[in-house]
K.L.:
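After the structure tokens below, expect a handful of questions from me.
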Amino acid sequence: MDVLAVPQMREEGWYLSLMAPNTKGPKFAWLDPSRLYCNPQALSDCVKDLLKPFQNETIDLVAGIDAMGFILGSAAAITLGKGFLAIRKAGHLCVQTQTQDYSDYSGREKLMEVRVDVLKPGLRVLIVDQWIETGGTMRAAIKLLENQGATVVGIAAVAIENSEGGKWLKENYKYSHCIPKELQSQIDSQYLESFKNFSG
């Protein structure tokens with residue numbers, strides 16, 4: 001499918017077929033969801049789908065996780081008419097921060113940080129990332145915000161894999177993702193049938 005084309009009938013999750021498979025090998029994630037952001041209708045529909053479960057929630061602020069969560073998080077914040085807080089990889093902010101260590105999907109130990117002059121007790125925050133594979137990055141982001149007294153209203157990502165960490169997040173926090181039930185098994189096996197028709 002042409003990355004900029006919009007089908008006449010936009011079925012649930014239609015934009016997921018725009019995601020690109022990994023062509024560079026095991027050092028990289030198994031797919032690249034960011035291709036769908038190039039299509040304005042796909043990006044808009046994806047954000048609307050992510051926000052549906054939270055339409056009756058009070059949200060004061062949207063936080064996005066460095067780096068790909070910045071795209072969806074900013075789009076969600078604009079859609080909601082709220083501000084956006086960047087959760088950064090450690091060492092990038094020139095202001096006072098709080099840090100949290102974590103292991104990402106590749107098993108690498110990392111450190112993230114968030115500024116300390118925005119969050120306060122009672123502030124209700126939606127955390128957005130592009131993809132949740134093992135759940136380690138999202139759990140660290142949740143800890144960072146909760147340690148400053150913020151309330152995590154929920155978490156949102158294009159997909160949440162049913163890994164041990166993904167299941168824990170689903171059991172403990174309100175969540176949203178864009179994956180129709182019939183595609184979840186493909187997400188969990190880390191291969192989409194749409195890849196057969198992919199010509200990048």
Side-chain angles (χ1 to χ4, degrees), residues 12-13 15-16 19 33-34 36-37 40 42-90 92-93 95 97-100 102 104-105 110 112-163 165-180 184 187:
E12 182 188 11
Y15 45 80
L16 298 171
M19 298 190 297
S34 70
L36 75 84
Y37 310 152
L43 177 58
S44 176
D45 287 355
C46 176
V47 171
K48 283 177 189 162
D49 288 346
L50 284 178
L51 293 177
K52 267 181 206 165
F54 301 104
Q55 58 191 1
N56 295 320
E57 296 282 350
T58 299
I59 296 171
D60 300 314
L61 187 67
V62 177
I65 300 175
D66 199 344
M68 300 310 290
F70 292 173
I71 299 166
L72 284 178
S74 295
I78 290 168
T79 302
L80 292 169
K82 301 298 178 183
F84 176 79
L85 175 67
I87 299 173
R88 302 295 312 268
K89 292 182 178 97
H92 293 285
L93 289 172
V95 295
T97 62
Q98 215 171 68
T99 60
Q100 179 65 48
Y102 68 103
D104 70 4
Y105 69 91
K110 295 187 174 180
M112 66 172 60
E113 67 182 356
V114 71
R115 61 190 313 128
V116 296
D117 57 356
V118 173
L119 298 171
K120 58 187 178 187
L123 198 70
R124 295 174 59 80
V125 184
L126 174 66
I127 307 178
V128 180
D129 202 0
Q130 176 172 265
W131 201 269
I132 297 174
E133 195 167 322
T134 63
T137 306
M138 182 59 77
R139 281 184 82 163
I142 290 168
K143 279 184 192 173
L144 259 185
L145 272 56
E146 290 182 341
N147 284 346
Q148 291 194 46
T151 298
V152 175
V153 174
I155 60 172
V158 174
I160 303 174
E161 295 184 24
N162 279 322
S163 58
K167 288 177 182 174
W168 185 91
L169 288 165
K170 288 178 178 181
E171 289 165 5
N172 290 279
Y173 289 88
K174 187 166 185 174
Y175 66 91
S176 70
H177 60 78
C178 302
I179 307 301
Q184 187 65 49
I187 296 297

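Because the structure is predicted, anything quoted here is derived from the model rather than measured.
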K.L.:
Let me confirm one number: the CG-CG distance from Leu51 to Leu126, rounded to the nearest 0.5 Å.
P.N.:
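Leu51 atom CG to Leu126 atom CG measures 6.5 Å (nearest 0.5 Å).
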K.L.:
Applying salt bridge (Lys or Arg N to Asp or Glu O under 4.0 Å) as the test, list every pair that has at least one member in residues 47-63; sequence neighbours left out.
P.N.:
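Matches after skipping sequence neighbours: Asp49-Lys52, Glu57-Arg124, Glu57-Lys174.
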K.L.:
Find out whether Ile187 and His177 are in side-chain contact, i.e. whether some heavy atom of one side chain is under 4.5 Å from a heavy atom of the other.
P.N.:
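No. Closest side-chain heavy atoms not under 4.5 Å.
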K.L.:
Please assess Gln130 against Tyr37 for the test side-chain hydrogen bond (donor to acceptor under 3.5 Å, both in side chains), listing each intermediate value before the final yes or no.
P.N.:
CA-CA 11 Å; Gln130 176 172 265; Tyr37 310 152; 2.9 Å; yes
K.L.:
Would you say that Leu119 contacts Gln98 through its side chain, given a criterion of any heavy-atom pair below 4.5 Å between the two side chains?
P.N.:
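They are not in contact (no side-chain heavy atoms under 4.5 Å apart), so the answer is no.
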K.L.:
Can you name the closest pair of heavy atoms from Val114 and Ala86 and give their distance?
P.N.:
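What the structure gives for the nearest pair is CG2-O, 4.1 Å.
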K.L.:
Could you report the tightest heavy-atom contact between Lys170 and Asn162, atom names first, then the distance?
P.N.:
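Scanning both residues, the minimum pair turns out to be NZ-OD1, 2.9 Å.
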K.L.:
Has the side chain of Ser163 got a donor or acceptor atom that lies under 3.5 Å from a matching backbone atom of Glu133?
P.N.:
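Yes: the side chain of Ser163 pairs with the backbone of Glu133.
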K.L.:
Which pair of non-hydrogen atoms, one from Leu50 and one from Ala157, has the smallest distance, and what is that distance?
P.N.:
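Looking at all heavy atoms of both residues, the closest pair is CD2-O, 3.2 Å.
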K.L.:
Tyr173 vs Trp168 aromatic rings, parallel, tilted or perpendicular, using cut-offs 30° and 60°?
P.N.:
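Tyr173 vs Trp168 ring planes: tilted.
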K.L.:
Output, in order, the C-alpha distance, side-chain angles, deciding distance and verdict of side-chain contact (heavy atoms from CB on, under 4.5 Å) for Ile132 and Ile155.
P.N.:
CA-CA 10 Å; Ile132 297 174; Ile155 60 172; 4.0 Å; yes
K.L.:
To the nearest 0.5 Å, how far apart are CD in Gln184 and CD in Glu161?
P.N.:
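The CD atom of Gln184 sits 8.0 Å away from the CD atom of Glu161.
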K.L.:
Partners of Asn147 by side-chain hydrogen bond (donor to acceptor under 3.5 Å, both in side chains), sequence neighbours excluded?
P.N.:
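If we apply the side-chain hydrogen bond (donor to acceptor under 3.5 Å, both in side chains) test to Asn147, skipping adjacent residues, there are no hits.
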K.L.:
Per the salt bridge (Lys or Arg N to Asp or Glu O under 4.0 Å) rule, what does the pair list look like for residues 61-70, sequence neighbours excluded?
P.N.:
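Listed once each, the pairs are Asp66-Arg88, Asp66-Lys89.
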K.L.:
What's the shortest heavy-atom distance between Tyr102 and Ala140, and which atoms?
P.N.:
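Nearest pair, atom of Tyr102 first, then Ala140: CB-CB, 3.4 Å.
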K.L.:
Look up atom CD1 in Ile59 and atom OG1 in Thr151, then write down how far apart they are to the nearest 0.5 Å.
P.N.:
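Rounded to the nearest 0.5 Å, the CD1-OG1 separation comes out at 12.0 Å.
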K.L.:
Val116 vs Val95, test: side-chain contact (heavy atoms from CB on, under 4.5 Å). Steps then yes/no.
P.N.:
CA-CA 8 Å; Val116 296; Val95 295; over 6 Å; no
K.L.:
Near Lys110 NZ, under 6.0 Å, is it more than 12 heavy atoms from other residues, nucleotides or ligands?
P.N.:
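Check passes, neighbour count above 12.
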K.L.:
Does any non-hydrogen side-chain atom of Ile160 lie less than 4.5 Å from one of Ile179?
P.N.:
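The answer is no; the side chains never approach within 4.5 Å.
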K.L.:
Testing Ile142, Leu85, Leu61, Leu144 for side-chain contact (heavy atoms from CB on, under 4.5 Å) with Ile127, which one passes?
P.N.:
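So the option named by the test is Ile142.
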K.L.:
Rounded to the nearest 0.5 Å, what separation is found between the CG atom of Asp129 and the CG atom of Leu72?
P.N.:
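With rounding to 0.5 Å, CG (Asp129) is 8.5 Å from CG (Leu72).
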K.L.:
Taking C-beta and beyond as the side chain, do Met112 and Thr137 meet within less than 4.5 Å on heavy atoms?
P.N.:
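Yes, side chains in contact.
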K.L.:
List the atom of Ser176, the atom of Pro53, and the distance in Å for their closest heavy-atom pair.
P.N.:
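Residues Ser176 and Pro53, closest heavy atoms: CB-CG, 3.4 Å.
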K.L.:
On a heavy-atom basis, which atom in Leu123 and which in Val118 lie closest, and how many Å separate them?
P.N.:
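Answer, listing the atom of Leu123 first, then Val118: CD2-O, 3.9 Å.
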K.L.:
What distance do Trp131 atom CH2 and Met19 atom CE have between them, rounded to the nearest 0.5 Å?
P.N.:
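The distance works out to 4.0 Å.
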